[in-house]
There are 4 protein chains.
Amino acid sequence: MTSGQQERAAWRVTLANVIYNADTPAGRLFDLLLIVAIVLSVLVVMLESVGEVRAGAGPLLRRIEWVLTGLFTVEYIIRLIVARRASHYARSFFGIVDLLSIAPAYLTLFIPGAQALLIVRVLRLLRLFRILKLARYLSEASVLTQALRASLAKITVFLAVVATLVTVIGALMYVIEGPPHGFTSIPTSIYWAIVTVTTVGYGDIAPKTPLGKGLASLAMILGYAIIAVPTGIVTVGLSQAQARQQSDTACDRCGLSGHAPDARYCRRCANPLPQGDRTGAATPPSLGMTGEAGEGQKG
Amino acid sequence: MTSGQQERAAWRVTLANVIYNADTPAGRLFDLLLIVAIVLSVLVVMLESVGEVRAGAGPLLRRIEWVLTGLFTVEYIIRLIVARRASHYARSFFGIVDLLSIAPAYLTLFIPGAQALLIVRVLRLLRLFRILKLARYLSEASVLTQALRASLAKITVFLAVVATLVTVIGALMYVIEGPPHGFTSIPTSIYWAIVTVTTVGYGDIAPKTPLGKGLASLAMILGYAIIAVPTGIVTVGLSQAQARQQSDTACDRCGLSGHAPDARYCRRCANPLPQGDRTGAATPPSLGMTGEAGEGQKG
Amino acid sequence: MTSGQQERAAWRVTLANVIYNADTPAGRLFDLLLIVAIVLSVLVVMLESVGEVRAGAGPLLRRIEWVLTGLFTVEYIIRLIVARRASHYARSFFGIVDLLSIAPAYLTLFIPGAQALLIVRVLRLLRLFRILKLARYLSEASVLTQALRASLAKITVFLAVVATLVTVIGALMYVIEGPPHGFTSIPTSIYWAIVTVTTVGYGDIAPKTPLGKGLASLAMILGYAIIAVPTGIVTVGLSQAQARQQSDTACDRCGLSGHAPDARYCRRCANPLPQGDRTGAATPPSLGMTGEAGEGQKG
Amino acid sequence: MTSGQQERAAWRVTLANVIYNADTPAGRLFDLLLIVAIVLSVLVVMLESVGEVRAGAGPLLRRIEWVLTGLFTVEYIIRLIVARRASHYARSFFGIVDLLSIAPAYLTLFIPGAQALLIVRVLRLLRLFRILKLARYLSEASVLTQALRASLAKITVFLAVVATLVTVIGALMYVIEGPPHGFTSIPTSIYWAIVTVTTVGYGDIAPKTPLGKGLASLAMILGYAIIAVPTGIVTVGLSQAQARQQSDTACDRCGLSGHAPDARYCRRCANPLPQGDRTGAATPPSLGMTGEAGEGQKG
């Protein structure tokens, strides 16, 4: 790793510290300026979409937008040059986000209206977690992601069942209510079924016939009840992820395990606990979205 | 079991391996073709229900539909012939699904419009879980089903209470608001109560009088609060189902299983427990929907 | 108790067995007839509320209704006479329900339209739990009620906070949006706030101004997030209620507790467990709604 | 503390007991009168906002309102004078609420219509928890607040993700559906996204195009699934907060607390733990909103 660092010229290391490392004063300043620019550009994109504002300050907003896009483009290129492995950064979560947050601006040269997509710049704000050194938040986030990853299989099963369910319910409603009552096609009916099972209930389409209302009632109660399943899955996953964070050491004498992370003696037999193999808790957070930052810290 | 296999002619065994066994190359190929056909037929059914599409490609879609229905019919018959016990397959989850996914096509000869029911073919896609050898998903699914089966009684009680609740609330609203405000009858009012308590809230029917709004508010807060009950039920059920998977060691002497993770002696006969083989989770998945597959693997 | 029984004439005991005791053949028959009558009367009440049906079969339905009301009245009087303590039955859950399910019929003599209230007869169906000897369901229900009673205080706090919240949000929206946008008064705005925070969302009233939409968004996210609180409360309450059902015995030698209900030896040190004080699990279900049944069984 | 009390004149102590201490008869009477006044004033504010009522009893209500405002102003001043530390009371939760609940009345002299804000007086009712000596409720509330504070970081992460999500979804829908279908601007689209993801679903804005409906369906299922996350977070937090309450014994030697329920020796210094005083839950409630009350009790 450090060998990889020596290959790089001094100025690249300096720049890398400024861009990727939020610990140095220069780095912190750069990050703060970056956040300001991002927030500003997101606001500009939002305001520009509002008719009244566009009518008045349209050209101004467009100009600001282009300036910011230019800055972000330069920043992106510098990040590519400075990164230890450009490809690694380009494929990292933030690498892609950084690219996506400038691409639409150039797209507008060909497709007008695409600048609304510049809103993805909001994703860049996730950097805040790193910049504000919210290690605590990151570790919490890692607990969350661990829990979700652990329950991914269960959630997939759940979603597959829900998908099958709404398809069948939608088709049935299409047969029962039919086009005259707004269920113009099976896809539309499936859309209605999703709106209903997820308890969103827009009301733009609603059953009219008694039979349709009966089936709809079943769908609602079903959706109302099965929301319990993902909740249960995630809750169990979370409690396990947290439990894992706690110590797994077992007492040599009485074999009792499940000691608190800071335990030195067995809480039952007062036997000194083996202090070495303390896995868990100290695991570094891996949000899978720290981009080059991870390397920067390692270097 | 194997004795049962010898009774069958060689060609039947071969076919059975192709149809029911996803391990052989032939079997995998067959399964993939099947999935393609199912997805295609589901798309056809959906597209056909869309007015614009039907206007243009109606006859074509109808023809594709009939071809696929023919293939599925042949497949169903072969499955019946090849299965070790035809009745067993016919009564299995997939046996019924396979029948339902061809029946509507023939129904259309007498009842026009019934082909929308062909959408149930989507259920056949659940085979994917088996084909993609998602044993992991199956075991997860078995944990889910175990948890749900364990909490079935509680959920029944819960649903009975909810059913009683919406009936009474519905009748009260019928008395309070009455036909002029859309509560045209008690069944309609009960439908409204379900829409409200499940927090779906279409808004096609809504209380107008202050008293009605008051009762509706109570119903909403009630529904908002009692969603906690099924969630709690399922969560507790899930955590227990998982815990059960984690300690499956059985006592050598009395065969009692379900010991605590830190158990060293059988809680019934005080016999030392085998400490080595502590591999839970290895329990075979039993989704109750593997149809003939189960036998195919046993054979 | 049995002394109380001897005071009663033989015929009263016989009748009590028929009416309150579902174990004897006569009792079972009586209960089944009762259920049929209840379901029938509920259906009649519902049908009568449907305009088309009333137009056609109104008089007939009315006649059936009066017959059933007469039968229920007789039944109620007999229950009063036969009960060991009439007052005890009259004040029991089912005693009140039985009265409520005949009162409205007589009310209609003075207040037309009150017969819709006869729908409360549906509550009588809760008897099914007892009749079908769903002891298992009753015990599950008791676990549920235990859990809910245990978390009652927490839920009260939660509801108080929610009530305060919707009041303040409602008033703010009344100031922001005002009558022109449908927020005609503070009570109406509070009603809107409840509809929003509970995520029901009828859409009959919706914010129009940007500021109003902003506040509404906050209210939604708030409601979306705090639904987690009652769920957490009930889940924790449930898991504790179930844990309580499991044994509380502690090993005399090593003091380890939390043994399985059927444990005879300490799972760690193989020391015989004290078998005497096994509380929990065996606790009889007490749904607080078995009415006279409790006594009938004791007698 | 008691020294602080001696500095105060006798009459101030007496008044403090009446105002801040609900234990003395005088104090209880004062508190009850206060509650009545608060409820009355809240009702007045509500009624005044109802057009029909204002038309009739407008002037009367306004007069009552001013009288109550006067009383509350006097009360606030007395509280300031009597409080051991005026600044402490003024900055306490109830101190701010008391001020907010009189300020709007005087604001109306300049800004008409501001009296609707007087509704914040409802917050004063939270005093009920203290007055009714609902220590139990307070401790429950403290468990809740502990749990929420513990999971604050996780919930922040969750809300940040949701905020990013709705922004991106909103912008996409703005591009897909656009002004003609009601998605008049990105902020409006974000508002729609929040309405959808939180499953509120007003239906005032709804997607019309197939693509829009598809994205909306994804958003709904997403919102339907991720509601599980805060629920899981709070549930785990709650169960831990309760567990913490259950073992609050502190080691005599090193003072370390938070030992496991079955702990016999301090896990840090191996000192035997006091086994007798195992009364959890007795921890004093700290809702952070008892205002001066805390001091009054200490005094």
Side-chain angles (χ1 to χ4, degrees), chain A residues 151 153-158 160-161 163-164 167-168 170-172 174-175 178-179 184-190 195-208 210 213-214 216-221 223-229 231-236 239-240 250 255-258, chain B residues 42 45-51 53 113-114 116-120 122-123 125-126 128-129 134 136-141 143-144 147-148 155 158-159 162-163 166 187-188 190-191 194-195 197-204 223 227 229-239 242 261-262 264:
Chain A
S151 21
K154 278 200 208 59
I155 288 173
T156 313
V157 173
F158 171 75
V161 172
T164 318
T167 313
V168 174
L172 283 174
Y174 172 72
V175 176
T184 53
S185 70
I186 288 180
T188 309
S189 304
I190 292 174
V195 170
T196 300
V197 169
T198 57
T199 78
V200 170
Y202 283 134
D204 52 354
I205 312 172
K208 303 273 180 304
K213 287 179 176 177
S217 305
L218 284 182
M220 291 170 206
I221 290 173
Y224 183 62
I226 61 179
I227 180 63
V229 175
T231 311
I233 293 168
V234 174
T235 307
V236 172
S239 63
Q240 287 178 340
L256 183 74
S257 69
Chain B
V42 169
V45 174
M46 285 196 183
L47 285 171
E48 201 185 347
S49 73
V50 184
V53 182
L117 298 175
L118 287 173
I119 200 79
V120 296
V122 76
L123 290 175
L125 287 178
L126 293 176
L128 271 169
F129 281 113
L134 304 180
R136 176 148 164 272
Y137 289 79
L138 279 176
S139 81
E140 297 291 6
V143 174
L144 279 181
L148 291 179
I155 288 173
F158 171 75
L159 288 181
V162 169
V166 291
T188 309
I190 292 174
Y191 165 72
I194 293 172
V195 170
V197 169
T198 57
T199 78
V200 171
Y202 283 134
D204 53 352
I227 180 65
V229 175
T231 311
I233 293 170
V234 173
T235 307
V236 172
L238 254 176
S239 63
Q242 285 209 333
D262 63 342
R264 288 183 185 171

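Chain letters run A, B, ... following the sequence lines, proteins first, then strands; residues in each count from 1. This is a predicted model, so every value here is computed, not measured.
Here the closest non-hydrogen pair linking A/S189 and A/G170 is CB-O, 3.0 Å.
Your options are B/L47, B/T188, B/V42, B/V50, and the one with the most heavy-atom pairs under 4.5 Å with chain A is B/V50. In terms of heavy-atom pairs under 4.5 Å with chain B, the best-connected choice from A/G178, A/P179, A/P207 is A/P207. In terms of heavy-atom pairs under 4.5 angstrom with chain B, the leader among A/G214, A/G232, A/G201 is A/G201.
Between A/T196 and B/Y202, the side chains place a donor N or O and an acceptor N or O closer than 3.5 Å (distance only, hydrogens not considered).
In terms of the side chain to side chain contact (heavy atoms under 4.5 Å, CB included) criterion, residue partners of A/T199 (sequence neighbours excluded) are, by chain and number, B/T199, B/V200, D/T199.
No side-chain heavy atom of B/I194 sits less than 4.5 Å from a side-chain heavy atom of A/K213. In this structure, the side chains of A/K208 and B/D204 stay at 4.5 Å or more apart for every pair of heavy atoms.
Rounded to the nearest 0.5 angstrom, B/I227 CD1 and B/F158 CZ are separated by 6.0 Å.
Only the backbone of A/I205 comes within less than 4.5 Å of a heavy atom of chain B; no side-chain atom from C-beta onward does. If you measure heavy-atom distances from A/T184 to chain B, the contacts under 4.5 Å come from the backbone alone. Using a 4.5 Å cut-off between heavy atoms, B/V195 touches chain A through backbone and side chain atoms alike. For B/I190, no part lies under 4.5 angstrom from a heavy atom of chain A.
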